[in-house]
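The block underneath contains the structure these notes are about, expressed in structure tokens.
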Amino acid sequence: MKPKSLKIIFAILSFLILAWFVPCIIFQISRPQLKWDRSKIDTHKISYPKDFLWGVATSAHQVEGYNTNNQWYLWESAVDEKGNPRIAGGQKSGIACDHWNRYSQDIGLMKELGVKSYRFSVEWSRIEPQEGVFDSMAIKHYQDVCDSLIANGIVPMVTLHHFTNPIWFEKKGAFEKKENVADFIRFTEVVYLALRDRVKLWCTINEPAVYVVEGYFQGANPPGKKDPKLAAVVLRNILEAHVQAYYKIKSLPGGDQMKVGLVKNMTQMDPWRKWHLGDWVFANLIDGVFNGTTLNFLKTGKYRFVMPTMAKLMDENPKAKGALDFIGLNYYSHYNYKFSFNLDKAFQAKLLPGEIKTDMDYASYPEGFYRAIKTVSELGVPIYITENGIADARDDRRELFISQYLYAVSKALSDGYDIKGYYYWTLMDNFEWSLGYDMKFGLYSVDMITQKRTMKQGAKRYQEIIRQSN
Ligand code: IFM
């Protein structure tokens, strides 16, 4: 071969190598995947401020039982295109943990743990069973729950929307239509006025991106659609609902005294292979849609949802900037993406070598907690960890999980991040949506026949950490 041809081949090869590896290096620098040498970490060397708000979290549909008037209840009896049940093994939420009737007993469990706060959601379909018709008994129920919490020295944190919609709202298109946001705002006003004397901490919407991805992109949750363009619209509208709910509360009596925030699930979207440009491109794309769109909207008021060839929606609401007194952070883990032209394959979670798997399809990844705190801190408001926990039916990883994840939070605190509280997900084993009762996130197990609650061994680490920090 002539030297000239060799030179050309060399130049092409060099170009290809540069075009492949240089972006990989840039991505690694801009989004480093933190990895601690866990064998050198002393998870007992942690420290928390005296006024740190230790808590537990639940949501209405997952624990209350017989929420028969929402879209999830219908979904639980539905089948997919192939005739398979929508929920694993055809399970139904049913009586769940009967928390509607047993909340006093459950507040006793919170006392036993030593927590100072309880995050729970109010069930819209109970409070407004028909459009514009409010049930005073349901409202009274939540007033009683708050009274009982306060009497026991436990601070209530209320979530207004945690995945469930009343059937009437779902039927009229839920958040697919921007004009329907007004329904949520009317509900917000009623709940706020009923509970404002008792509740100071408000979460508007729980995990908007999860609601959208599961319901409108992957179709695992109701309404089971797989429509990226609609997903872009629904995310825009549900974020708009947050903004309007924020200003609605602020405009009502006592609103200026309230802390109102949005709850963001920060799943780290990482490449499976750091040297693979395809993995990076895929991970960045998902990160952009799942995390970036929401964070950017809250930061700048600009809505930018881009999935090349699938969906693109740009919008703006300058009022979104500033519509936040705190950010609620739900953190569990990361997903490692492997590039594939077949989207279903690329979405399959991959575990990195040596990772400890939880019962969910992801690993335990405490370093990602620190990364998530760092990322949401850029919003410039205090952080409440509104959810964090492990699905661990054998209860043989929970203690380590709690130790390592609370080490990450303690490290973030000592590095100056403004974290006000931490809510373990979840108080007791409950209905984990499309996975039914198979995923055991609870600090307490629940006997589904007798409803007996039993503290798990792993929960004792949480109890100990709370006790030591007081
Ligand atoms: O159970 C869910 C909760 O409803 C929302 N955040 C994640 C939890 C565990 O998957």
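Computed from a predicted structure; not experimentally measured. Both counts, for ligands and for their atoms, begin at 1 and track the order of listing.
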Please check if the side chain of [X] supplies one atom and the backbone of [Y] the other of a donor-acceptor pair under 3.5 Å.
X      : Y      : value
Ser117 : Pro156 : no
Arg397 : Lys357 : yes
Ser333 : Ala363 : yes
Asp392 : Asp359 : no

Straight-line distance of Cys97 SG to Phe431 CZ, nearest 0.5 Å
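Rounded to the nearest 0.5 Å, the SG-CZ separation comes to 11.0 Å.
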Name each N or O atom in ligand 1 that is under 3.5 Å from a protein N or O, and give the partner atom and the distance.
| residue | atom | partner | partner atom | Å |
| --- | --- | --- | --- | --- |
| ligand 1 | 1 (O) | Gln62 | NE2 | 2.9 |
| ligand 1 | 1 (O) | Trp425 | NE1 | 3.3 |
| ligand 1 | 1 (O) | Glu432 | OE1 | 2.5 |
| ligand 1 | 4 (O) | Gln62 | OE1 | 2.7 |
| ligand 1 | 4 (O) | His162 | NE2 | 2.8 |
| ligand 1 | 4 (O) | Trp433 | NE1 | 2.8 |
| ligand 1 | 6 (N) | Glu207 | OE1 | 3.3 |
| ligand 1 | 6 (N) | Glu207 | OE2 | 2.8 |
| ligand 1 | 6 (N) | Glu387 | OE1 | 2.5 |
| ligand 1 | 10 (O) | Glu432 | OE2 | 2.6 |

Are the ring centres of Phe169 and Phe175 closer than 6.0 Å?
yes
